[in-house]
Amino acid sequence: MISPELAARIRRLHFAEHWKVGTICSELGVHHDTVRRALTLERVSGTGVKSVRPTLLDAYKGFIQATLEAHPRLTAMRLFHMVKARGYVGGPLQVRRYVRTVRPTSRAEAFLRRSTLAGEEAQVDWGHFGTLPVGNTRRPLCCFVMVLGHSRALYARFFLDMTLESFLKGHVLAFQALGGVPRALLYDNLKSVVLERAGDAIRFHPRLLELAGHYHFAPKPCAPYRGNEKGKVERTIRYLRDSFFAARTFSGVDDLNAQAARWAAEVAHARQLPGDVTGRTVATALEEERPRLLPLPAHPFPTDVVRPVASGKTPYVRFDSNDYSIPHTLVKKPLTLVASETRVRVLDGSEEVASHPRCFEKGRTLEQPGHLAALADAKARAHELRGRDLLRASCQQAEGFLAALAQRDLSLSHHTAQLLKLLTLHGARALDEALAEALRKGAVSAPAVAHLLEQRARRQRQPPPLTVVLPDDPRIAASRTRPHSLADYDRLLNKDSADDDSTR
């Protein structure tokens with residue numbers, strides 16, 4: 001095949017310089033047929049011209065172009081399914097190739113540099129730093145970050161969750177650490193900030209509005225998909241991740257927060273103020289900005305978790321996947337749980353009825369010994385009362401015998417337990433007779449009743465009662481046996497008696 005450059009040179013030498021074919025062949029070192037082929041008009045006219053054949057996509061190219069103009073980021077596969085629903089019978093490869101040639105090119109957007117007055121604005125966001133092992137579980141490690149827009153002073157506090165209460169507590173601690181409150185706080189559209197948004201119509205979280213009313217700042221969510229509006233806090237989180245957190249060892253979240261506070265004072269605030277040409281540090285700019293911040297109120301905003309709770313049949317309330325004990329008298333009663341980072345308290349009205357250390361593991365049970373002891377005493381008392389009721393229902397003399405025990409200041413629970421054993425071994429009738437005889441003789445005690453029952457059994461030549469002792473295996477204790485009929489043994493005895501009579 002002749003290259004376009006060679007064909008153009010042959011035609012120039014022949015038609016412009018009027019060289020003969022042989023001379024051109026000698027000069028260029030090509031064959032005569034090559035020269036004649038280059039000089040053929042039909043061949044030259046077809047050089048570089050490609051034939052265009054109709055395709056199955058031709059009828060849909062206008063639709064694809066119009067759709068891409070309205071939605072430039074639409075994928076080629078989505079366009080393929082759209083034209084397929086409109087009758088296109090070809091494959092997706094042809095659509096991909098065409099979309100690649102007609103997709104509008106994106107234009108880089110230019111942004112204005114944000115300049116902030118002293119004390120005017122701060123930016124707030126969460127940063128994710130993986131997970132942290134806590135006992136038998138792993139908790140997410142999250143960092144609340146606030147950075148002042150003017151001085152770039154920052155506050156960072158690590159939490160084991162991203163709950164609303166941790167978000168509010170981060171604000172309170174940040175205001176205290178920075179020494180004041182900026183007039184406006186800029187947020188991303190977090191659920192802790194914005195409950196619902198339709199354009200510029202925003203419904204803020206009521207707890208955040210309470211915080212804003214307490215500290216007198218204005219919450220300002222940035223526009224959707226406009227991360228550049230809070231670029232200072234995003235760069236600060238990246239700076240925190242690279243300069244502080246990378247390759248750092250710590251024993252727990254408290255140790256990590258202590259190290260973060262030292263790093264902020266010794267490293268982050270000691271660096272030169274970004275964009276400043278006078279050489280000021282962040283700490284210097286913060287001291288200049290503090291007088292412009294709003295003063296702190298007299299009392300910090302309460303950030304403890306407060307929620308209604310109620311136990312089930314057992315005296316425990318559940319919070320954050322753990323069970324905390326309460327007095328057994330408050331079972332199924334509506335209570336109030338108040339949880340901080342260190343304590344979990346349970347209130348009955350305004351009275352505190354339980355207090356436990358906060359546990360960040362999962363599936364743990366935290367108990368106060370007094371709660372369990374009171375429940376055990378109540379159960380023992382209830383068992384004793386049920387035993388007395390059983391004695392009264394089984395024996396007519398039980399009421400007088402128990403009254404006599406009480407007059408002698410003897411332990412009712414101890415004697416009641418022994419009398420119940422005698423009831424099981426000898427039966428209600430025998431025990432009732434023994435109780436009556438003991439009252440007549442003035443021998444008011446369970447051992448005396450047991451002695452009378454033994455004497456009665458010896459007089460009647462009855463075998464001594466045997467106590468069945470079962471092993472501790474719960475499978476044996478819970479097993480049930482079905483008594484068999486003794487009629488077969490009676491028939492055998494009757495048959496043996498008949499055989500004896502016949503042999504006589």
* To do: Flag the pair Leu293 / Val181 as yes when at least one side-chain heavy-atom distance between them is below 4.5 Å, and no otherwise.
  => no
* How close do His269 and Ala153 get, heavy atom to heavy atom, and via which atoms? -> NE2-CA, 3.6 Å
* Any chance the rings of His216 and Phe301 have centres within less than 6.0 Å? -> no
* Would you say Phe360 and Leu132 make side-chain contact, with heavy atoms under 4.5 Å? -> no
* Structure fact -> Closest non-hydrogen contact found for His415 with Ala446 is ND1-N, 3.1 Å
* Is the count of non-hydrogen atoms from other residues, nucleotides or ligands lying under 6.0 Å from Gln396 atom CD greater than 12? -> no
* Asked: Quick one: does His171's side chain have a donor or acceptor within less than 3.5 Å of a partner on Val124's backbone?
  -> no
* For the pair Ser166 and Asp161, evaluate side chain to side chain donor-acceptor pair (under 3.5 Å) and give the outcome as yes or no after the intermediate values. => CA-CA 7 Å; Ser166 297; Asp161 54 41; 2.5 Å; yes
* Asked: For Arg248 and Gln259, what are the C-alpha separation, side-chain angles and deciding distance, and is it a side chain to side chain donor-acceptor pair (under 3.5 Å)?
  -> CA-CA 10 Å; Arg248 183 169 295 272; Gln259 295 186 43; 2.8 Å; yes
* Side chain Arg241, main chain His128, donor-acceptor under 3.5 Å -> yes
* What's the spacing between Thr281 OG1 and Leu286 CG if we round to 0.5 Å? -> 9.5 Å
* Please answer whether the main-chain N or O of Ala268 pairs with a side-chain N or O of Arg271 as donor and acceptor at a distance below 3.5 Å. => yes
* **Test: Arg157 cationic atom under 6.0 Å from Phe159 six-membered ring centre, within 45° of axis** => yes
* To do: Using a strict 4.0 Å threshold on nitrogen-to-oxygen distance, state whether Glu289 and Arg292 make a salt bridge.
  => no
* To do: Taking Arg290 for its side chain and Leu178 for its backbone only, find out whether a donor-acceptor pair lies under 3.5 Å.
  => yes
* So, Thr67 side chain and Phe63 main chain: donor-acceptor pair closer than 3.5 Å or not? -> yes
* When you check the side-chain N and O atoms of Gln65 and Tyr98, is any donor under 3.5 Å from an acceptor? -> yes
* Structure fact -> Taken in chain and number order and not counting sequence neighbours, the residues that satisfy salt bridge (charged side-chain N to carboxylate O under 4.0 Å, His left out) with Glu69 are none
* Between Cys142 and Met162, which heavy-atom pair has the shortest distance, and what is it? -> SG-CG, 3.2 Å
* Structure fact -> Sequence neighbours excluded, the answer for side chain to side chain donor-acceptor pair (under 3.5 Å) partners of Thr55 is Asp58, Gln94
* Axial cation check for Tyr60 ring with Arg86, 6.0 Å and 45° limits -> no
* Is the shortest heavy-atom distance from the side chain of Leu141 to the side chain of Thr131 under 4.5 Å? -> no
* To do: Decide, yes or no, whether a salt bridge links Asp320 with Arg139 under the criterion of side-chain N to carboxylate O below 4.0 Å.
  => yes
* To do: Give a yes or no answer on whether the side chain of Glu121 reaches the backbone of Leu148 with a donor-acceptor pair at less than 3.5 Å.
  => no
* Structure fact -> By ring-ring contact (aromatic ring centres under 6.0 Å, His included), Phe204 pairs with (sequence neighbours left out) none
* Asked: Going by the angle between their ring planes, with limits at 30° and 60°, are Tyr88 and Phe80 parallel, tilted or perpendicular?
  -> perpendicular
* Asked: Do the ring planes of Phe129 and Phe158 sit parallel (below 30°), tilted (30 to 60°) or perpendicular (above 60°)?
  -> perpendicular
* Backbone N or O of Val233 within a donor-acceptor pair of the Asp125 side chain at under 3.5 Å? -> no
* Asked: Counting distance only, does the side-chain N/O of Lys362 pair as donor-acceptor with the main-chain N or O of Thr137 below 3.5 Å?
  -> no
* Would you find a donor on one side and an acceptor on the other, under 3.5 Å apart, between the side chain of Ser325 and the backbone of Gln368? -> yes
* To do: Could you check whether the rings of Phe167 and Phe144 sit parallel, tilted or perpendicular, using 30° and 60° as the cut-offs?
  => perpendicular
* Going by an N to O cut-off under 4.0 Å, is there a salt bridge joining Arg207 and Glu165? -> no
* With distance as the sole test, does Tyr316 use its side chain to make a donor-acceptor pair with the main-chain N or O of Glu367 at under 3.5 Å? -> no
* Kindly determine whether Ser355 and Arg343 satisfy side chain to side chain donor-acceptor pair (under 3.5 Å), including the steps that lead there. => CA-CA 7 Å; Ser355 179; Arg343 303 295 300 178; 2.7 Å; yes
* To do: For this output row, return yes or no: ring centroids of Trp263 and Tyr239 closer than 6.0 angstrom.
  => yes
